[in-house]
Amino acid sequence: MDALQLLQNRVSVPRLTAPAPDADQLLEVFKAAARAPDHGKLQPWRFLVIQGEGLSRLSNIFLDALTKSSPDVSPSIVEKTKNMPFRAPMLIVAIAKCQDHPKVPKQEQLLACGAATQNILNALFALNYGAVWRTGDLAYDNHVKQSLGLQGLEEIIGFIYVGTPAQDLPAVPQLDANSIFDAWPAK
């Protein structure tokens, strides 16, 4: 598949199973991430790769965060939260490593991290893996951030669930590309 076809056909894959990418494949994925636009060459991103026992530890972190923020939460929500990390054999936490900079505002750094994360999704798709980018309240929870070692201006921008598609890929949504741009000034 050529690059343009890949970009036009990538889909999020919510049902994932083993195997996940190996170390060599992950290195290729992160090389793609590093090619994201980066005003000031700040590399305002970093990624945590979580798998195996790490998924159990993350499950405990999620549960602690949930019970601290909502002590009276229903048992079904507790169970759902406990199982979140196990949706895939690998989870990549995308972290915007923002820093004070006189010419590169935080917003640009967040966008750069988002672009790097999109490159990860595209690279995984090119390697025939499935992935889905999720956020939710736990991405913004201080307990989760502290437990994962975030510091300073760092922010979680997403949890990327990674693995082999457990079923056929979802259909590519048919979108009207003409509806997302206009010529300016209008004629």
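These numbers were taken from a predicted model, which means no experiment stands behind them.
- Residues Ile156 and Ala139 come closest through the heavy atom pair CB-O, 3.4 Å.
- Taken from CG in Leu110 to CD1 in Ile157, the straight-line distance is 7.5 Å, to the nearest 0.5 Å.
- No continuous path of hydrophobic side-chain contacts links Ile92 to Val144 [ILVMFWY only; heavy atoms under 4.5 Å].
- Residues in residues 125-142 take part in these side-chain hydrogen bond (donor to acceptor under 3.5 Å, both in side chains) pairs, two or more places apart or across chains: Gln25-Tyr129.
- Linking ILVMFWY residues whenever their side-chain heavy atoms come closer than 4.5 Å, directly or via other members, places Val132 and Phe86 in the same cluster.
- In this structure a side-chain-to-backbone donor-acceptor pair under 3.5 Å is missing from Gln99 to Pro44.
- The structure places CH2 of Trp45 at 10.0 Å from CD1 of Ile120, a figure rounded to the nearest 0.5 Å.
- Taken together through direct or relayed side-chain contacts under 4.5 Å among Ile, Leu, Val, Met, Phe, Trp and Tyr, Leu55 and Ile61 form part of one hydrophobic cluster.
- To the nearest 0.5 Å, atoms CG (Leu7) and CG (Asp2) are separated by 9.0 Å.
- When all heavy atoms of Pro89 and Val162 are compared, the closest pair comes out as CD-O, 3.3 Å.
- Between the Thr117 side chain and the Cys113 main chain, a donor and an acceptor come within less than 3.5 Å of each other.
- There is no path of hydrophobic side-chain contacts, each under 4.5 Å, that joins Leu58 to Val78.
- Grouping the Ile, Leu, Val, Met, Phe, Trp and Tyr side chains by contacts below 4.5 angstrom, directly or via other members, places Leu148 apart from Met90.
- Closest non-hydrogen pair, Pro85 versus Leu91, comes out as CA-CD1, 4.2 Å.
- Residues in residues 154-166 take part in these side-chain hydrogen bond (donor to acceptor under 3.5 Å, both in side chains) pairs, two or more places apart or across chains: Arg46-Glu154, Lys106-Glu155.
- Atom-to-atom distance recorded for Lys68:NZ and His143:NE2 is 4.5 Å, nearest 0.5 angstrom.
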Side-chain donor-acceptor pairs of residues 28-40 under 3.5 Å, sequence neighbours excluded:
unit_1 : atom_1 : unit_2 : atom_2 : d
Glu28  : OE2    : Lys31  : NZ     : 3.3
Asp38  : OD1    : Leu42  : N      : 2.9
Asp38  : OD1    : Gln43  : N      : 3.3
Asp38  : OD2    : Leu42  : N      : 3.3
Asp38  : OD2    : Gln43  : N      : 2.8
His39  : ND1    : Glu108 : OE1    : 2.7

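- Annotation for Asn122 and Leu6: closest pair O-CD2, 3.8 Å, computed over non-hydrogen atoms.
- A 6.0 Å sphere centred on CG of Asp22 holds more than 12 heavy atoms belonging to other residues, nucleotides or ligands.
- Ser69 contributes a side-chain N or O that, together with a main-chain N or O of Leu66, makes up a donor-acceptor pair within less than 3.5 Å.
- More than 12 heavy-atom neighbours from other residues, nucleotides or ligands sit within 6.0 angstrom of CD on Gln5.
- Contact between Pro170 and Val13 at its shortest, heavy atoms only, is CD-CG2, 4.4 Å.
- Here the closest heavy-atom approach between residue Phe62 and residue Leu138 is recorded as CG-CD1, 3.5 Å.
- In Asp100, the CG atom is not crowded: 12 or fewer heavy atoms of neighbouring residues, nucleotides or ligands sit closer than 6.0 Å.
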